Structures are given as C-alpha cells and as structure tokens.
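Structure first, commentary second.
Source: prediction; values computed, not measured. To find a chain, count down the sequence lines: A is the first, B the second, and so on, and within it residues start at 1.
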Amino acid sequence: MPSLKDLRNRIASVKATRKITKAMQMVAAAKLRRAQESVTSSRPYASRMEKVLLNLRNGITSQESVPLLLSGSGRDRVHLLVVMTAERGLCGGFNSSIARLARQDVLRLQEAGKTVKLLCVGRKGYDILKRQFSDIMMDRIDLKEMKQLAFSDAEDIANNLLKKFEGNEFDVCTIYFSEFISVISQKPTSLQLIPARISETSSPEEDKKSPELLCDFEPSEGEILDFLLNRNIATQLLRGLLENSASEQGARMTAMDNATRNAGDMIDKLTINYNRQRQAQITKELIEIISGAEAL
Amino acid sequence: MNKFTFELVSPERVLVSECSEHVILPGIAGELGVLYGHLPCVVMLKPGIVSMLLGGSISGRFYIRGGLADVRPNDTTVLAEYALNIQNVSKEIFTKELSLAEHALAKASDEEAYFSAQSSLDALRSVNL
C-alpha cells in the first residue's frame, strides 16, 4: 500500500503529464489547421495536371514514343518502396500503420520473387523498418529541416528517385503515406509512382460534355509529356508529404486527447484512493486518542 | 470584348481564378497573347511575367518560374512551378528571387539552364516595384 506521500507525488506527476498532453493537443490542433489548408490548396494543381496528362496520353498513337516513366522499364523485377512517415512519435498509430502496410507489401513482393528496396522519408518509419529490413534499406531522407513543406522539397526527392530510375536501380516505384480523411480517421495508402498510373475513370461525364478538341503543342507533344511526367512525380510526392503532415497532426491530436482524458481518469482514481487513506489515517488516530483516554 | 476564365495555379495554391479579356503568357518560343476563342493548345512556359488585361488596363501581373499553359477557347489554365503576385509581393521576397536567378545564371552549365536563368533575370529586371 503506497503511503500518503507517495500518492500525493503520484497525483502531482500525473497532473504534470496531463498538462503536457493537453498542450501537445492544442499545438497539434493549430498545426492541423494549417496542414489541412495546404492539403486542400495543393489539390487543384494536381487535378489540373492530371487532366492535361490524361489528354496527352490519350493522344499518343505510336507505342514507341511512350516515355519510360509512363510505360515503365518493361520489367517488373525490382520494386522500390518509398515509405513516408513522420519525424516524431507520440501520434498514436500513425507511423506504425504506414510501416505495417509497407511491411506487408515487402513480404508479399518478396514471396513473389521480386527484389525489394526501401527508401524511408522521415525518421520514424526508418526506425521501425530497419529492424526487420536493414539489408534492403537503400537510403533515408530526413524531414527535420523542412519546417514548412514546399514544392522544392518534393522536387529534391523526385530528382533523387529519377536519378535512381535512370540508373536502372528499380523498375517499379510505389509510395506509402497516410491519406487524411478526417481528424479522427487517416488511411494508410500506397500509390504507384513509376510507371505512372493516370486514373482511367477521371469524370467521364466531363469528357462527354466537351468532345476532345484537336490541340496544338508547343514544343512537341513528347517533350511536354516528358516534362509533365517528371513534374507529376514531384506533385504526387508533395501530395503524399502534405497528406502525411495533416494526418500526423490529426493522429497526434486524437492520441493526445485520449491521453489527456486518461490522465484525468487516473487523477480521479488516485484522488479517491488518497482521500480514503487520509480518512483511514484520521480514524486510526482518533481511535488511538479515544482508547488512550479511556485507559486512563 | 468577350471574357474567358483564367486560372493560375502553383503547386501550393490557386493564385488567380477569374475572368479576363486578354492574357499574355511567356511561351517558350515567344510571348503569347490569349483572347477568347483561342485555338486549343498546350504550351510550355519559360520563366517570365504573366499579365492579365481587363478593359484595356492591366488587372494582374505575376512572375512565374516556368510552367505549362493549357489554353482552351473559353478557359485557360497556367500550371506554374512557382508564382509571385507582383502587385503585392514584398521587396524582400522579390530581391531574394532576383539573387536566386543571378545565382542560377552564374552556375548554369548547359544551354537550357542558361536560357531559363537569363529569361527569369530579364523578367525580374523588367519589373519596377
């Protein structure tokens, strides 16, 4: 049975923890708002780009002129998985759920006889995956310096990937990130980057509305397609990074909210315990005094 | 004059989405004026100034670091790699951009990089803040 002093210390320490988790929750809420804004404001660029890409791809006639980024290297042997996670923990199951999805895919691909390589963006994913897959870990990219995510950050990663692709280091590239659905729900998602998957189903009604116009290209169609496919990788990476940062803050907010509530419950329980013991002690002292007085 | 929708989008946000009568774009092979009913085309853009005109006067000017324009008869979209609204940019950011372009020009190793750095420098110098 802990003494009264122990209980008092315990309550004080849980109270301090509650203050910290409460503060973290509020910081996450503030950051979440900003992150959410950047996710929504980055969507138009990606959707417009996809529209142009779709138009261009439908316009391609001869198979030979299809760029490698769209058609792939023709092989399906080496897979590169880019796992994007956060730099920091204490955000519930955010990091581990992305890592779990990636791990499942690594094992599935390895079973199918493919060579798998891993590239981690963010420290946490690296920490989780290196235990099991240290032999196939290629590289890791730190996000620590990137306070405010900008397009240039995504571009750096994209250039890194393109260099590896041109060096024939992999055939298929897939990214893993957490899609931000709402504050309480984030979905770990994988997205194939190379060869590019341009959604086939992008609003058929709209296509019907405006029958395909003949288009002029300046410079040539191929050059524009090349440019766009390169851009597309950076854009998708940026999307992943932004979705991730919003998801991270959302997950942290929920986790910290739970932690705050749990701390409150714990304080209540400890306080009841403390009061009970205090009363017991008072009763004991009274009994001692009374029985002492009676003995006289 | 007939109006059309003009949109300028950078990866981070939508800068403009409004009606315009005349838009001048820095095409890679020369300047390009877009009016209502323009022939549909997809044009690569070099670093330069995008101007919007409404009623004969300039209603918006933007510096872009290259990109792509999707021109259609009644709507035009510019996907810019990086865009600055010249009318409300701070001097500090503008000077930073200028020194970035100067730096790129000094470092340019191939013709393409040189061309792109030179055009951004020309465009930035033509702006009077």
Side-chain angles (χ1 to χ4, degrees), chain A residues 34-35 37-59 148-155 158 206 209-242 245, chain B residues 4-18 25-34 37-48 64-85 93 96-97 100 103-104 111-113 115-116:
Chain A
R34 227 178 313 145
E37 265 167 32
S38 14
V39 170
T40 30
S41 60
S42 76
R43 276 183 188 148
Y45 188 82
S47 63
R48 298 278 146 64
M49 178 174 263
E50 191 154 320
K51 220 161 83 185
V52 180
L53 258 175
L54 199 70
N55 269 345
L56 278 168
R57 199 216 27 200
N58 292 344
Q148 179 88 46
L149 286 167
F151 190 59
S152 52
D153 300 324
E155 232 174 353
E206 209 175 288
K209 249 192 283 168
S210 59
E212 220 26 73
L213 297 157
L214 275 176
C215 232
D216 263 2
F217 294 98
E218 186 184 303
S220 70
E221 213 169 327
E223 267 174 81
I224 293 183
L225 193 57
D226 259 352
F227 168 82
L228 269 180
L229 286 169
N230 279 326
R231 279 285 107 184
N232 186 39
I233 290 176
T235 314
Q236 298 294 0
L237 280 168
L238 181 72
R239 177 177 161 232
L241 288 172
L242 289 174
S245 74
Chain B
F4 61 95
T5 327
F6 175 69
E7 284 190 331
L8 178 60
V9 193
S10 81
E12 279 102 10
R13 65 207 175 94
V14 180
L15 278 101
V16 199
S17 176
E18 52 189 72
L25 305 170
I28 206 149
E31 277 203 341
L32 178 82
V34 180
H38 194 285
L39 192 76
C41 61
V42 177
V43 184
M44 290 253 274
L45 303 177
K46 64 178 184 182
I64 60 164
R65 232 188 256 163
L68 189 98
D70 182 19
V71 180
R72 275 147 201 278
N74 49 16
D75 66 273
T76 292
T77 309
V78 170
L79 299 173
E81 278 163 47
Y82 175 83
L84 280 180
N85 187 346
I93 294 174
K96 206 171 125 200
E97 193 61 36
L100 214 66
H103 190 67
E111 206 169 318
E112 204 176 316
F115 172 74
S116 137

**Request:** Could you list the residues that satisfy side-chain contact (heavy atoms from CB on, under 4.5 Å) with A/E223, not counting sequence neighbours?
**Result:** A/P219, A/S220
**Asked** Under a 4.5 Å heavy-atom cutoff, which of A/S41, A/S42, A/A46 has the most pairs with chain B?
**Response** A/S41
**Message:** Taking side chain as everything from C-beta outward and backbone as N, CA, C, O, which of these in B/A80 sits under 4.5 Å from a heavy atom of chain A? Side chain, backbone, both or neither.
**Reply:** backbone
**Complete:** Honestly, the part of B/S10 sitting under 4.5 Å from a heavy atom of chain A is backbone
**Request:** For B/E31, look at atom CD and say whether over 12 heavy atoms of other residues, nucleotides or ligands are found less than 6.0 Å away.
**Result:** no
**Request:** Mark yes when over 12 heavy atoms from residues, nucleotides or ligands other than A/R48 sit less than 6.0 Å from its CZ; otherwise mark no.
**Result:** yes
**Message:** Quick check on the interface: out of B/T77, B/L79, B/V42, B/V9, who has the most heavy-atom pairs with chain A under 4.5 Å?
**Reply:** B/V42
**Prompt:** So which of B/V71, B/D70, B/L68, B/L32 has the largest heavy-atom pair count under 4.5 angstrom toward chain A?
**Reply:** B/L68
Given heavy-atom pairs under 4.5 angstrom as the criterion, report whether the side chain, backbone, both or neither of [X] touches chain B.
X	value
A/A150	both
A/L242	neither
A/F227	side chain

**Message:** Taking salt bridge (charged side-chain N to carboxylate O under 4.0 Å, His left out) as the definition, give me every residue that meets it alongside A/R231, ordered by chain and number, with sequence neighbours left out.
**Reply:** A/E155, B/E81
**Prompt:** side-chain contact (heavy atoms from CB on, under 4.5 Å) between A/T235 and A/R239: does it pass, once the steps are laid out?
**Reply:** CA-CA 6 Å; A/T235 314; A/R239 177 177 161 232; 5.9 Å; no
**Request:** List the steps and the verdict of side-chain contact (heavy atoms from CB on, under 4.5 Å) for B/L8 and B/I64.
**Result:** CA-CA 10 Å; B/L8 178 60; B/I64 60 164; 4.2 Å; yes
